[in-house]
**Q** 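Below are the structure tokens for one structure; questions will follow.
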Amino acid sequence: MRTVYVNGQYLPETEATVSIFDRGFLMADGVYEVTSVLDGKLIDFDGHAVRLERSLTELDMRAACTKEELLEIHRELVRVNEITEGLIYLQITRGSDGDRDFIFPDPETTKPTIVMFTQNKPGLADSPAAKKGAKIISIEDIRWGRRDIKTVQLLYPSMGKMMAKAAGADDAWLIEDGHVTEGTSNNAYFVKNGKIVTRPLSTDILHGITRKAVLRMAEEAQMEVEERLFTIDEAKEADEAFTTSASAFVMPVVEIDGVVLGDGTPGPIATRLREIYLDESLKAAI
Ligand code: PLP
């Protein structure tokens, strides 16, 4: 039985509740973050806190608590749930004023809802999936236009993962106007002749915390990085490909739409970046 956090209280998971009128539930009017825990410590907490703040600001939502309080809650949940390797999920919604209405409630009288819980994932870093590499398919990107805001509107990404599963693959990359935007829950990259290519930041993609760290580490390791639009055909002709996310770190991609990349095993650059990322992030974890 997990201990979870809801609106100022630590409770057994079966006793934690939110209103049926909560706008997160009725309107997907909420934002979230997922922070990894390795060695009992938080990976890139600061990056997540800064992005959370930005998501809230973009949606005109109030912060439910300060960054220091957030850190304290994260640490307390890790401690009481004895998490060595796993994830912390955080969601803040615009709350509930006791009815359903499209109009935002007055923030002076309606407090945001904040919920946090842990997911225990032993073996998160030493993942068999990362040793094998992921098979992905490409699907159309039909999401809304503000993908830089980390909202809880995850129905299409969820459908994308179901399409991948039905096709015998692990995940999907999304295509808009002929170019790859990102993965259903990760940022997308390919490598050709030693150069790492990924889409530049805009409102079209989530500004991945892992993306930022991995691109910095790649440049520090003298790897060549180019941020530009790319097609799925370029990725299929690549030497290797990979994705990044806070929960899967650097994940090699070995197959795209049935086309095997290289020898069908994780490529050297993705493998090296995964090692560097895990190493450096663990050193900086708090
Ligand atoms: N892109 C999308 C659509 C995502 O949902 C995520 C993570 O959930 C990412 C990218 C990767 O972001 P991060 O590295 O911050 O986890």
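Counting starts at 1 for both ligands and their atoms, in listed order.
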**Q** In terms of side-chain heavy atoms, does D171 have a donor or acceptor partner in N186 at a distance below 3.5 Å?
**A**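 There is such a pair (donor and acceptor under 3.5 Å, judged by atom type) between the side chains of D171 and N186.
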
**Q** Under 3.5 Å, is there a donor-acceptor pair linking the side chains of T181 and D141?
**A**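 Note: T181 and D141 side chains meet the donor-acceptor criterion.
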
**Q** Which option, S36, S185, G47, owns the non-hydrogen atom nearest atom 5 (O) of ligand 1?
**A** S185

**Q** Could you walk me through whether F230 and F190 pass the ring pair (Phe, Tyr, Trp, His ring centres under 6.0 Å) test, one step at a time?
**A** CA-CA 9 Å; F230 65 94; F190 74 87; 5.2 Å; yes

**Q** Looking only at protein heavy atoms, which one is nearest to atom 2 (C) of ligand 1, and what is the separation?
**A** E182 OE1, 3.5 Å

**Q** Taking N or O atoms only and a 3.5 Å limit, does K150 qualify as a polar contact for ligand 1?
**A**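 Yes; at least one N/O pair falls below 3.5 Å.
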
**Q** Check each atom of ligand 1 against the heavy atoms of T244 and keep those under 4.0 Å away; list them by number with element.
**A** 11 (C)

**Q** Got an N/O contact under 3.5 Å between R51 and ligand 1?
**A**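 Yes; at least one N/O pair falls below 3.5 Å.
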
**Q** Side-chain donor-acceptor pair under 3.5 Å between K121 and S36, yes or no?
**A**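 Side chains of K121 and S36: no pair found under 3.5 Å.
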
**Q** Distance-only, no hydrogens or angles: does the D170 side chain make a donor-acceptor pair with backbone N or O of K135 under 3.5 Å?
**A** yes

**Q** Please list, in number order, the atoms of ligand 1 under 4.0 Å from a heavy atom of R143.
**A** 3 (C)

**Q** Please identify which atoms of ligand 1 are closer than 4.0 Å to at least one heavy atom of A246.
**A** 13 (P), 14 (O), 16 (O)

**Q** Of all the atoms in ligand 1, which lie at a distance below 4.0 Å from a heavy atom belonging to G208?
**A**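 Within the 4.0 Å cut-off of G208, ligand 1 contributes 12 (O), 13 (P), 14 (O), 15 (O).
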
**Q** Taking N81 for the side chain and I83 for the main chain, is one N or O donor matched with an acceptor at less than 3.5 Å?
**A** no

**Q** Do the side chain of E85 and the main chain of L124 share a donor and acceptor less than 3.5 angstrom apart?
**A**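 Between the backbone of L124 and the side chain of E85 there is a qualifying donor-acceptor contact (under 3.5 Å).
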
**Q** Please identify which atoms of ligand 1 are closer than 4.0 Å to at least one heavy atom of N187.
**A** 10 (C), 11 (C)

**Q** When you look for heavy atoms under 4.0 Å from ligand 1, do you find them on the side chain of T184, its backbone, both, or neither?
**A** backbone

**Q** Give the atom numbers and elements of ligand 1 that come within less than 4.0 Å of a heavy atom of T210.
**A** 13 (P), 14 (O)

**Q** Would you check if there is a donor-acceptor pair between the side chains of S55 and K150 at a distance under 3.5 Å?
**A**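 The criterion, which ignores hydrogens and geometry beyond distance, is not satisfied for S55 and K150.
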
**Q** Side chain, backbone, both or neither: which part of I209 has a heavy atom under 4.0 Å from ligand 1?
**A** both

